[in-house]
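Beneath this line is the structure, given in structure tokens, with notes to follow.
Below, chains carry the letters A, B, ... as their sequence lines are ordered, and counting in each starts from 1.
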Amino acid sequence: MKSYATPLVLAAVRSLGADVDTVVFEAPRNPEHGDLSTNVAMTLAKQLKKAPRQIAEDIVDALDMDSSIVTEVSIAGPGFINFKFSTGFYGKRLHEVLKIGDSFGRVESGTGKTVNVEYVSANPTGLLHLGHGRNAAVGDTVANILDWNGYDVTREYYFNNAGNQMTMLAKSIHARYMQMEQPDFPMPENGYMGPYIAEIAAEVRQKHGDGFKELSSEHLEVFRSEGEQWCTQRINITMESLGIHHDVLFNEDTLYTEGKIDSVIQRLRDAGYAYDKDGAVWLKLSELGLDDDRVIVKSTGEPTYRLPDIAYHITKLERGFDVVVDIFGPDHIATIPDVMAGCRALGFDDSRIRPLIYQIVALYENGQQVKMSKRTGKSYTLDDLIEELGADVVRFFFIMRGITTPLDFDLDLAREQSDKNPAFYLQYAHARICSVFAKAEVPDVSSVNCDVLQDEHEIALIQQLLRFPEIVERAGRTLEPVTIVEYLREAAASFHRFYHFCPILKAESEDLKQARLALCVMARIVIRNGLSILGISAPNKM
RNA sequence: GCGCCAGUAGCUCAGCUGGAUAGAGCAACUGACUUCUAAUCAGUAGGUCAUAGGUUCGACUCCUAUCUGGCGUACCA
């Protein structure tokens with residue numbers, strides 16, 4: 001619609017002597033306002049020094065449109081110009097979409113560009129929890145959205161199997177190991193308390209015997225590596241069950257072994273943004289647009305988290321990605337400006353970095369928040385959720401809200417195997433279409449006469465489905481999974497309405513039946529593609 | 001104190017680069033299964049878009065201030 005109307009309106013506007021390069025169209029919310037609407041007349045009021053309605057009239061007069069395509073042009077309200085398209089036009093568009101087939105919705109906004117999406121990135125010190133779930137679902141969906149926008153997408157997992165946390169993991173396992181013989185053996189301070197630690201300890205004992213009581217560095221290494229293996233394996237299984245696969249596993253350790261950390265410090269010094277004070281190395285954030293300088297290397301010689309984070313982002317930029325997307329939880333908010341400033345300090349364009357920060361997840365059951373116990377470490381793990389609800393529902397619930405909205409995960413609603421559960425609404429639309437095709441042949445696309453589709457529900461459905469590529473493109477800009485979710489909800493609603501009012505198999509004529517079947521094919525393409533962007537299955541039966 | 005995110009229907013939330021009468025779902029009420037799946041559909045009811053100013057033809061959307069809530073603010077990661 002837009003591609004047809006844009007050049008014509010543009011020509012008409014220019015013939016009035018106005019200087020414009022784009023005309024904005026939108027689909028009016030109220031169908032009485034036509035199929036397409038533009039506000040050019042209002043935006044030009046100042047430039048042309050005329051009343052918006054007068055300008056609108058002039059534009060309409062200068063407009064040269066094919067009346068078999070646009071049946072009605074009207075002026076309404078403060079100066080909107082509304083267009084009504086012929087039903088035949090929609091039939092043609094339906095034909096075009098059927099020719100495109102399964103790739104309908106793929107757009108070119110990112111063609112030729114590379115993007116790195118980093119998500120999950122949990123360290124191998126425990127099981128994944130709810131926050132990781134949101135991170136995983138959002139990250140994977142964003143990666144899918146970028147893929148559909150034509151980007152060359154690399155999915156990356158950044159993990160750290162070195163440092164204090166791993167030592168703490170080893171000590172915690174050791175303590176549980178000791179407790180199998182001495183129940184009062186103390187846990188290390190700030191140790192990991194989850195029940196999985198005892199599980200690992202039991203495995204170590206079974207595998208290596210009970211001769212690891214002394215906490216020598218050799219023994220510690222055994223506990224550490226057993227713990228890492230156990231956690232890594234479990235994380236992989238969880239990712240697998242959500243259908244998530246990363247292309248690159250980036251180990252923080254390599255930043256040290258390959259000298260990247262030292263090199264970044266040196267480069268920051270050379271650029272005049274790093275200095276020594278009180279035995280530590282500081283980053284001059286105050287000269288990079290932030291308030292206070294921060295330590296990047298402690299007086300003990302160890303780097304703070306900022307330094308490897310900066311070095312890691314530098315490597316991503318140096319690997320040549322046009323866009324670097326980070327999926328972070330709210331606990332990372334404070335560090336992001338530091339990291340971006342660090343990249344700026346070394347001359348990189350930090351607008352290439354696109355941090356996405358999702359808000360916290362809270363679990364609700366029986367109307368009450370389920371609190372995690374600090375003392376026992378007991379809480380709902382992501383595995384528990386997936387096992388109970390299935391991957392589709394879990395993924396859907398994690399992306400059904402905007403990422404800046406704190407997510408209340410309602411367990412009771414998610415458990416509901418009924419119409420209350422919003423995840424099923426979309427899948428049901430797909431299953432319904434499939435059930436039609438269980439009883440009818442897929443029509444021959446080339447010979448179907450789509451012009452017979454005249455009913456308002458048919459036209460509304462085609463209009464809705466035609467918007468899909470535009471939605472994918474918008475999602476590529478917002479990087480908000482909810483953009484796709486909300487659209488699919490509307491598309492599914494349009495389909496359900498069409499299904500309710502327009503009999504397909506028992507249509508009045510064979511022509512109409514074939515045309516409606518063709519419309520079902522189009523609907524199935526859009527819903528299936530949309531669900532695949534969300535990483536949710538499109539069942540044939542429910 | 002400072003920073004980030006939010007405040008929209010009883011509840012949970014959408015709302016496009018600023019557009020026409022602010023939309024869904026749940027909960028409540030009323031209807032539709034002899035029918036291609038009722039996990040659906042149609043309808044009723046429900047609103048000072050936190051508050052006060054400003055910008056303009058036009059503000060839920062942008063700006064300023066205030067209030068409320070969440071999170072963050074280490075030579076912890």
Query raised in the report: For B:A6, does either OP1 or OP2 sit under 4.0 Å from a side-chain N or O belonging to A:Y358?
Result: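 So the side-chain polar atoms of A:Y358 never come under 4.0 Å of the phosphate oxygens OP1 or OP2 of B:A6.
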
**Report entry** Aromatic ring pairing A:Y312/A:F250, orientation class (parallel under 30°, perpendicular over 60°, tilted between)
**Finding:**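 A:Y312 and A:F250: tilted rings.
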
Considering only side-chain heavy atoms of [X], which listed nucleotide, [options], is closest?
X      : options             : value
A:S37  : B:A42, B:A20, B:G15 : B:A20
A:F424 : B:A39, B:C36, B:U17 : B:A39
A:N82  : B:C36, B:C13, B:A20 : B:A20

Rounded [atom1] spacing from [N] to [M] in Å:
N     : M     : atom1 : answer
B:G1  : B:U12 : P     : 27 Å
B:G69 : B:G23 : P     : 32 Å
B:U61 : B:C16 : P     : 11 Å
B:G25 : B:A14 : P     : 16 Å
B:C76 : B:C67 : P     : 35 Å

Query raised in the report: Using Watson-Crick pairs (N1 to N3, plus N6-O4 or O6-N4) and G-U wobble pairs, both distances under 3.5 Å, which stems of at least 3 pairs involve RNA chain B?
Result: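 Expected stems, ordered by start: B:1-7 with B:67-73, B:10-13 with B:23-26, B:28-32 with B:40-44, B:50-54 with B:62-66.
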
Query raised in the report: Is a side-chain N or O of A:D293 found less than 3.5 angstrom from the main chain of A:W282, in a donor-acceptor match?
Result: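 No; zero donor-acceptor contacts below 3.5 Å.
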
**Report entry** Side-chain (A:H132) to main-chain (A:H129) donor-acceptor, under 3.5 angstrom
**Finding:**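 Present.
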
**Report entry** Carboxylate-amine/guanidinium contact A:R53 A:E57, below 4.0 Å
**Finding:**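 No, this pair does not count.
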
Query raised in the report: Are the ring of A:F80 and the base ring of B:G19 both nearer than 5.5 Å at their centres and tilted by less than 30°?
Result: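 The ring of A:F80 is not stacked on B:G19.
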
Report task. Summarise protein proximity over nucleotides 71-77 of chain B in one line of letters, 5' to 3': B for base, S for sugar-phosphate only, - for none, counting protein heavy atoms closer than 4.0 Å. Result -> SS-SBSB

